[in-house]
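The first residue of the sequence shown is numbered 1, and numbering continues consecutively from there. Values reported hereafter were calculated over all heavy atoms of this structure, with side chains retained and with hydrogens, waters and symmetry mates removed. What you are looking at is a predicted structure, and each value in this text was computed from that prediction instead of being measured.
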Amino acid sequence: MRYDLVIFDNDGVLVDSEPISNRLLAGYLTELGHPTSYEDSLRDYMGGAMHRVHDLVWERTGRRLPADFDDVIHGRVFAAFERELEPVPGAVGVLEKLAADGVAYCVASSGSHERIRVGHRKAGLDRWFDDGRIFSSQDVGRGKPAPDLFLHAAARMGVAPERCAVVEDSPLGVQAAVAAGMDVYGFTAMTSAGKLAGATRLFGDMGELADLLVR
């Protein structure tokens, strides 16, 4: 293995949650008088923490979102997760390979700790991630595209940034990993290769990742 630590983004990389969450986010913003399509949501918010939604709406409209916005959207998303969420095809195989080879791994997500745990439980990934392997934007001052979350995860796992590989599927996440001085593997299942152009390598099938990490 070329790396001492593999850091996974969560949404869209481990759990197939991006279609669910962005559909619901677009719908709720539209309800509130901020017309947003599914494609708009993917473009503007995929990979970002919830504060990004608040910040962009304020910048564009001068209006604040409701005080209970986060609670409402999380409630809708969690309910949909219970009905629909599945692991990303191939993700379990990658985790099995890393565990078998004794390679450290963790998740560093823009989502809250609660969101990560709900998704992992529903998708059957919770057995792979104990508390020491889960890091959220809640743990740092700035979310992606700032490097803070990835640097925090590496420090807590005791690995130098240059010995880390990040697996990401959003432009914001790729920017954060590059800023952290880490190699980043861009997953193109939902995002075009051009939008992940800063990645060290690109791949479209999660089943390919374990082999790519050793080359």
Using only atom types and a distance under 3.5 Å, with no angle test, would you say the side chain of [X] pairs donor to acceptor with the backbone of [Y]?
{"X": "D101", "Y": "V103", "value": "no"}
{"X": "D139", "Y": "S136", "value": "yes"}
{"X": "R163", "Y": "R2", "value": "yes"}
{"X": "T36", "Y": "L29", "value": "no"}
{"X": "H74", "Y": "D70", "value": "yes"}
{"X": "S37", "Y": "D40", "value": "yes"}
{"X": "S110", "Y": "S137", "value": "no"}
{"X": "T191", "Y": "D169", "value": "yes"}
{"X": "R60", "Y": "H34", "value": "no"}
{"X": "Q175", "Y": "A146", "value": "no"}

Can a salt bridge be assigned to the pair [X] and [Y] using a cut-off of 4.0 Å between side-chain N and carboxylate O?
{"X": "E208", "Y": "R201", "value": "no"}
{"X": "D126", "Y": "R121", "value": "no"}
{"X": "D9", "Y": "K144", "value": "yes"}

Item to check | From CA spacing to verdict: ring-ring contact (aromatic ring centres under 6.0 Å, His included), F69, Y28 | outcome: CA-CA 9 Å; F69 179 86; Y28 187 34; 5.0 Å; yes
Connected via hydrophobic side-chain network under 4.5 Å: [X] and [Y]:
{"X": "L14", "Y": "F78", "value": "yes"}
{"X": "V72", "Y": "V53", "value": "yes"}
{"X": "V118", "Y": "F135", "value": "no"}

So which atom in [X] and which in [Y] form the shortest heavy-atom distance, rounded to 0.1 Å?
{"X": "C164", "Y": "V159", "result": "SG-CG1, 3.7 Å"}
{"X": "L202", "Y": "A193", "result": "CD1-CB, 3.6 Å"}
{"X": "M157", "Y": "A104", "result": "CE-CB, 4.2 Å"}
{"X": "G198", "Y": "V184", "result": "O-CG1, 4.2 Å"}
{"X": "E18", "Y": "G47", "result": "OE2-N, 4.1 Å"}

Item to check | Trace of the side-chain hydrogen bond (donor to acceptor under 3.5 Å, both in side chains) decision for N22 with S41 | outcome: CA-CA 6 Å; N22 282 281; S41 185; 2.7 Å; yes
To the nearest 0.5 angstrom, please state how far the [atom1] atom of [X] sits from the [atom2] atom of [Y].
{"X": "H54", "Y": "L56", "atom1": "NE2", "atom2": "CG", "result": "11.0 Å"}
{"X": "I73", "Y": "D68", "atom1": "CD1", "atom2": "CG", "result": "11.5 Å"}
{"X": "I116", "Y": "H120", "atom1": "CD1", "atom2": "NE2", "result": "6.5 Å"}
{"X": "R133", "Y": "C106", "atom1": "CZ", "atom2": "SG", "result": "8.5 Å"}
{"X": "S170", "Y": "L196", "atom1": "OG", "atom2": "CG", "result": "7.5 Å"}
{"X": "D4", "Y": "E162", "atom1": "CG", "atom2": "CD", "result": "9.5 Å"}

Kindly indicate whether the side chain of [X], heavy atoms from C-beta on, has any atom under 4.5 Å from the side chain of [Y].
{"X": "R76", "Y": "F81", "result": "no"}
{"X": "D205", "Y": "F203", "result": "no"}
{"X": "L172", "Y": "M46", "result": "no"}
{"X": "V88", "Y": "F187", "result": "yes"}
{"X": "P19", "Y": "Y38", "result": "yes"}
{"X": "Y3", "Y": "M182", "result": "no"}
{"X": "K122", "Y": "V15", "result": "no"}
{"X": "L213", "Y": "V6", "result": "yes"}

Item to check | Modelled atom types, side-chain donor and acceptor of S109 and R115, under 3.5 Å | outcome: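 Not at all, the side chains of S109 and R115 share no donor-acceptor pair under 3.5 Å.
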Item to check | Aromatic contact, F129 with Y105 (centres under 6.0 Å) | outcome: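 Yes, close enough.
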Item to check | Lys NZ or Arg CZ of R64 over W58 ring: under 6.0 Å, within 45° | outcome: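 Yes, a cation-pi geometry holds between R64 and W58.
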